[in-house]
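Take a look at the structure set out below.
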Amino acid sequence: MNKANVIQELKALASEGMPEEPEVAAVAEEAAPEAEEGGKAKKAAPPEPRKNGLLEVDYARRGVHVDVQVAADQVVRAAEIVDAAGMTLEAVTGVDWINDKELEVVYDYAYTGGECFRVVVRARIPRDEANIPTITEVFAGANWHERETFDFFGINFEGHPQLEYLLLPEDCDFHPLLKDFKGC
Amino acid sequence: MAGYFTNILSGTKSLLVGLSITQKEFFKKPVTLQYPWESLEMTPRYRGHIQLIKDPETGSHKCISCGMCQRGCPSNCITIHSEKQEGVKGKVLVKYELDFTKCSLCGQCIENCKPSAIEFSKEYNLASTRKEDFHYDLLKRLKEQK
Amino acid sequence: MSSQALSQNNERFEVNLGPQHPATHGVLRVKLLMDGEYIVDAEPVLGYIHRMHELMGENRTWAQFLPNMGRLDYLSALSYNLGYVELVEKMAGIEVPERAEYIRVITTEMNRISSHLLWFGAFVLDLGGFTPLLYAFTDREEILDLLESVTGARLTYCYYRFGGCYNDVEDEFLSGCLAFIKRLRARMPMYHNLVTKNVILRQRLERVGPVSAEMCRKYGATGPVLRGSGVNYDVRKNEPYSIYPELDFDVPVYHEGDSMARYMVRMDEIEQCMRIIEQAIAKIPSGPVMAEKVPKMIKPEPGDYYHAVEAARGTFSIRAVSDGKNQAYRMKLRSPTFSNLSLFQEASKGMLLADALALMGSLDLVIPEIDR
Amino acid sequence: MDLGINVIEMLLYLVAIIGFAAINAAYLVWVERKGAGHIQRRTGPKEVGPYGLLQPLADGAKLMSKQLIIPAGVDKPLFMVAPLLAMVPAVMIFVTIPFSENLVARDINIGLLVIFAFASVNVLSLLMGGWASRNKYAVISAARAVSQNVAYEIPLLVMTITIVLVSGSLNLREIVFSQAGAFWHWNWLPTNGNFLGPITFIMFFICYLAETNRAPFDLGEAESELIAGFHTEYGSMGFGLFFMGEYANIVIGSALIVILFLGGWYSPFPEVVPFLGSAGVWWFLLKMYLLIWLVVLIRWTFPRVTLWSLLNLSWKILIPFSLFNLLASAGLVKFLG
């Protein structure tokens, strides 16, 4: 597996949506770790939601090597890139950024064939229209992970072969990990 | 064809070896403990439900009712009732409620306790059909121990 | 009856394997579509003991979430404890004293042996052999006694703390571990003679339930399942944490990908665990078991944190999102058997019922960890 | 007058046989549990009576006092008859078994045929029980039991024919008489024209394990696959009868092996050895119980085979071997005897 290749391809993919300023991604690459870690300083003004792009983050501190944010319709292509590199899917999950009125879908990829390499791909979708294409075509194991994410966040994975409740009872009508969930 | 016969032979041998092992074990002494008649001594670190430590000097507990155990508890199973009493500095513990049905024996209350007033007990013979039986008042329990 | 009703499909019937069934070791339900004894489709149905640990993680402080780790995989709870405390230490930048690291490794590996021993017994029980289960339990019981003398619990441990361990271990524990290893070493040939070499067991496991490395990759299977398919991947080696880089051990890998390979990986892993423990006991330094500066209230800097450890069943990883408060904003627990089981539906197609159950046993399922 | 004595004799025999079968079946359960306990380093039953000896009685009382539940939707007549069919033929077979030279209820010329005729009813009871339960696991189990019994009855009978050839009789007493003497005269060794004696003996033993649905061939009640198999839906004494029938069949099988291969009531020592050398019923029972112990030991040692390897064993190993064995023995009997 060629790490640099994967990084290059993911970078290209992430910047596809915003071709007008390709330097931004490069700038974010250096500035973002500090920006993230120095979150306290900016407490007064909540930080802007992150722009799409690729960050190479500090592995020792964060536990991942590469952090890519892509547009929702690019997750399948991102999955294809890491699949071609022989990586495996560890998990799919979501995060509810209720203040930004957005949901984030997070894909964790890892390389199991040798030296450790972890890539996290994330995509943000609006909360009230939570649709994102499924990656089950690429990684069959995403099936259950996506169903679980649907359980907890109500995210609709378009094209999923069997988007039913997996862990929650089949007749429940709530999504417990949404931040506005108030118990049932 | 030779493989056919050697397979049968080696297979039969493995079965006989297995039989001899179980037959040998048959003559060994049982390792189980006949519970109601015999029972084990709990190790010093065994975690039973918490209890108040009796202070050998005063014959009472060391709790200062600060409520750190209650705040640190992940399962909200500790409730402390204390009151101001005349002539005594600070608050006085009147009731130490422990709902053992919710306790996960993590030990955070004991770690949080500044005056080291609580410890794990060695109680393990606990069984009941009613969950109210596991709502303890540790202060009462301490007094009954006297 | 029309001729259509007499067609082949009419022979198929559905069987509910579980939620209460001797082979599912808990409350897993598998919806089987059978054609005689052959499985046409097997769909696992999860969630019977779902407890929403991830939501609890968002509602409790970092320290308060610790006891939950013992309730995920009750058979190797210490690996999960380890994964979580290491994550929080990474977030808060806590340095752990060396002695504590050694104690953590010794107890985690003891726990891994106990987990593999129980799996061994339960697996042979699935195959119809009752006695090895109780032999394995006799050995496992000694591990539990040893761990109880240190942690105070027998199964749902809550022993590690951010920055160290709850208490120090005595020399009796260390010598007890060595004595146990000596005993288990002497017992291993007995297990191999009684079970591994048994012709009936070999017939039931060899070439049964093959799982290819590619299938493991697509489904994200890890741990002994992956190593039984010929992939040399162990988080302890590939992504070292704690003091594992200082210890010398091998990662057993088998290339057949059948149930026997997974069986052999676990049996060999027991031996490797013993090697690790011996080395760790020989090297253990003296000193404190708790870091001196552990903040009372842990408030990690905002952002994502990820940490993976090798649990007895595969890669257990946690993704925590912090927003700078003393509670997690999001706590994702990635449990290994969830992914391992997800390949069962594809892998079991066309298998005989008995073989499919052998395959399921060889995946080493712990349901509370799948359902979380 | 003769008729009256005959009837009384017959009744006495009947009572004795039912008693023998019931006590053996009940105490076999105790032996199995106690044996399993000690094999697994436990103690087994020990609370009811000394060494748990009254445990079978307690179990029986419990089973009999339980409510007989007939699930909705079962085929009621078949459901009720099946457990009886498991137990009654087992008792009937005891009628023909010679425990010693004179201790036999009915000395029938075609005793061997009678045994096999009744023994084959057993599979019918499993099939009926499984089918009538209207439970998918029970039906799978019944289907397994039938295919297993069909597959194993063939080598079993072929091997029996071999023994009949070398003994020259279908009468069980005659077969034992033909092995008179110390252990090297018995059929399990290459004597009496059957030069493949030991192999016949081992194969017969395997077939007998499979015929009685004992581990490692207990596919019908593979608990990790089929819960309890054909008796999943049975409780109370219905289950009790299946259970007793299974153990009675083990006793019968062991007795049959003792008769066919292990010289019946003859002592393994030559007659010149004082005391031990004399033949008698005790030798018969001793051999029988040793065999039963072997069966128990096997159950608690081996994992279960799968259906295909079970059938492979029968069709690929046992049937060719037994046919070859039969031909060879027939040739030897023809040319030497």
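Heavy atoms only: backbone and side chains are in, while hydrogens, waters and symmetry mates are out. Every chain is numbered from 1 and lettered A, B, ... according to where its sequence line falls, protein lines coming before strand lines.
No other option in B/L15, B/L19, B/N112, B/T12 has as many heavy-atom pairs under 4.5 Å with chain C as B/L15. If you tally non-hydrogen atom pairs under 4.5 Å between each of C/I200, C/N167, C/T131 and chain B, the highest count goes to C/N167. For the set C/T138, C/L194, C/L66, the entry with the most heavy-atom pairs within less than 4.5 Å of chain B is C/L194. Heavy-atom pairs under 4.5 Å with chain B were tallied for C/V150, C/T61, C/L134; the largest tally goes to C/V150. Considering only heavy-atom pairs separated by less than 4.5 Å from chain C, the leading option among B/P44, B/G11, B/G48 is B/G11. Interface check for chain B: of the options C/R202, C/M190, C/R161, the most heavy-atom pairs under 4.5 Å are formed by C/R161. Annotation: maximal heavy-atom pairing with chain C below 4.5 Å, among B/G107, B/G18, B/S104, occurs at B/S104.
Checked by atom type and distance alone, the side chain of C/S149 never pairs as donor or acceptor with a backbone atom of B/T43 at under 3.5 Å.
Within 6.0 Å of atom CD in C/E292, 12 or fewer heavy atoms from other residues, nucleotides or ligands are found, so the atom counts as exposed in its surroundings. The environment of C/E95 atom CD is sparse: at most 12 non-hydrogen atoms of other residues, nucleotides or ligands sit within 6.0 angstrom. Sparse packing is recorded around CD of B/E41, with 12 or fewer heavy atoms of other residues, nucleotides or ligands lying under 6.0 Å away. Surrounding CZ of C/R207 are at most 12 heavy atoms belonging to other residues, nucleotides or ligands under 6.0 Å away.
Two residues are said to be in side-chain contact when any heavy atoms from C-beta on lie closer than 4.5 Å; C/Y191 and B/I21 fail this criterion.
With a 6.0 Å cutoff to the six-membered ring centre and a 45° limit on the axis angle, B/R45 does not count as a cation-pi contact of C/Y166.
Here the options are C/R60, C/M56, C/Q64, the test is side chain to side chain contact (heavy atoms under 4.5 Å, CB included), and the partner is B/S75; only C/R60 passes.
Of the two parts of C/F65, neither the backbone nor the side chain holds a non-hydrogen atom closer than 4.5 Å to a non-hydrogen atom of chain B. Heavy-atom distances place no part of C/R154 under 4.5 Å from chain B, backbone and side chain included. Looking at B/I110, the atoms closer than 4.5 Å to chain C (heavy atoms on both sides) all sit in the side chain, from C-beta outward.
The minimum heavy-atom distance linking B/R47 with C/Y159 is given by the pair NH2-CA, 4.5 Å.
Going from atom CG of C/L201 over to atom OG of B/S14 covers 9.5 Å, rounded to the nearest 0.5 Å.
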Could you walk me through whether B/T32 and C/F137 pass side chain to side chain contact (heavy atoms under 4.5 Å, CB included), step by step?
CA-CA 11 Å; B/T32 49; C/F137 261 70; over 6 Å; no
